[in-house]
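Below, read A as the first sequence line, B as the second, and so on, with proteins coming before strands; counting in each chain starts at 1.
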2 protein chains.
Amino acid sequence: MKQSNLNETVVDNQLVIDKKKMENIFSDFDLDNPPAVCPIRDVLAKVLDKWSILIVLMLGYYEILRFADLKKKIKGISPKMLSISLKHLEKDGFIIRTAFAEVPLRVEYKLTAQGESFCNKILELSEWISIYFPTIVDGRNKIDAGTKD
Amino acid sequence: MKQSNLNETVVDNQLVIDKKKMENIFSDFDLDNPPAVCPIRDVLAKVLDKWSILIVLMLGYYEILRFADLKKKIKGISPKMLSISLKHLEKDGFIIRTAFAEVPLRVEYKLTAQGESFCNKILELSEWISIYFPTIVDGRNKIDAGTKD
DNA sequence: CCGTATCCCGGAAGATACTG
DNA sequence: CAGTATCTTCCGGGATACGG
């Protein structure tokens, strides 16, 4: 972890954005003229998908779940969407699919190490939201009080 | 921070999911029978939106941007979507909108403290992705090599 | 310049029936 | 049980023109 002094730019409060970090992450393209597509955003978009997040969280909690388990635990998901999401997650290395040659067929899903790591990231985000949630709701109400939608 | 021993279940590597944290965050509902809607997911979904993320990142980097600036810097966004996203972000307390009574009209957007904090969270996520990205791409190729689509 | 209103289309995703 | 195939619906969101 290089700690060079590239960041001597004022840090008068701890909330300042780490622009150096930003430039490192997005070093591939010019921030003033960013490309329409970016691999990081691509991965982000797929994995921040509504269903994918839930699947990851569920597997994070229960460790091993079968197709039917997931379908039951994730309210409202159709077999189609569950199947597609699982394929994406597997393809990108977040989960492992294990099929057992039994009758009736049995298939188990679990997180990979990468998946667990990501799950913890999601948890951090959720934690962040839960901390700010009162403020957010409060602000919404203030605005609602003033304007009509 | 309750550290009850509900989690005596093995911790043989540091990537294990913090289920206690999970239960705290989602304490509102039964994980075995989660509701279809959840306030945290609601906020998450809105703010993890493709355009919202980009707006937050841009404002994190440039600090102050006008409507036209954002439209120019965020490739492909329509005025409609930009407007909607900005409204959401403002309503949820991530950005501040300041209008100056000039002609021609001038409006500036900047992050709130909450917005900056969130921006850093997004940066962490991006950093995570950029770290795992090679692994992800590698895995994809392996799978592609075996199966067609 | 800062947006809103309108029209319109493609693709995301639900429901369901079916197969290995 | 674990998915796939199909059909259809719906609405997110792009393009554009206009109003304040």
Length of the line joining [X]:[atom1] and [N]:[atom2], which is rounded to integer Å:
X     : N      : atom1 : atom2 : result
A:L54 : C:dA13 : CG    : P     : 13 Å
A:I64 : D:dA2  : CD1   : P     : 13 Å
A:E90 : D:dA2  : CD    : P     : 15 Å
A:L82 : D:dG3  : CG    : C1'   : 9 Å
A:L70 : D:dG3  : CG    : C1'   : 13 Å
A:K75 : C:dA15 : NZ    : P     : 14 Å
A:R66 : D:dG3  : CZ    : C1'   : 13 Å
A:K87 : D:dT4  : NZ    : C1'   : 8 Å

Under 4.5 Å between any side-chain heavy atoms of [X] and [Y], yes or no?
X     : Y      : result
B:L86 : B:R97  : no
B:F67 : B:V107 : no
A:L48 : B:L125 : yes
A:I77 : A:L54  : no

Presence of salt bridge, A:E90 and A:K87, under 4.0 angstrom:
no
So for atom NZ, which belongs to A:K110, do other residues, nucleotides or ligands contribute more than 12 heavy atoms lying within a distance under 6.0 Å?
no
Under 3.5 Å, side chain of A:S117 to main-chain N/O of A:A113, donor-acceptor pair present?
no
Can you check whether B:Y109 has a side-chain N or O nearer than 4.0 Å to OP1 or OP2 of C:dG3?
yes
Joint hydrophobic cluster, B:Y61 plus B:I53, side-chain heavy atoms closer than 4.5 Å:
yes
Near-strand residues of residues 95-106 of chain B, defined as heavy-atom separation under 4.0 angstrom from DNA chain C
B:R97, B:P104, B:L105
Classify the ring geometry between A:F94 and A:F118 as parallel (under 30°), tilted (30 to 60°) or perpendicular (over 60°).
perpendicular
At a cut-off of 3.5 Å, list every protein nitrogen or oxygen paired with a nitrogen or oxygen from nucleotides 13-18 of chain D, distance to 0.1 Å.
{"from": "D:dG13", "atom 1": "N7", "to": "B:K80", "atom 2": "NZ", "distance (Å)": "2.9"}
{"from": "D:dG14", "atom 1": "O6", "to": "B:K80", "atom 2": "NZ", "distance (Å)": "2.5"}

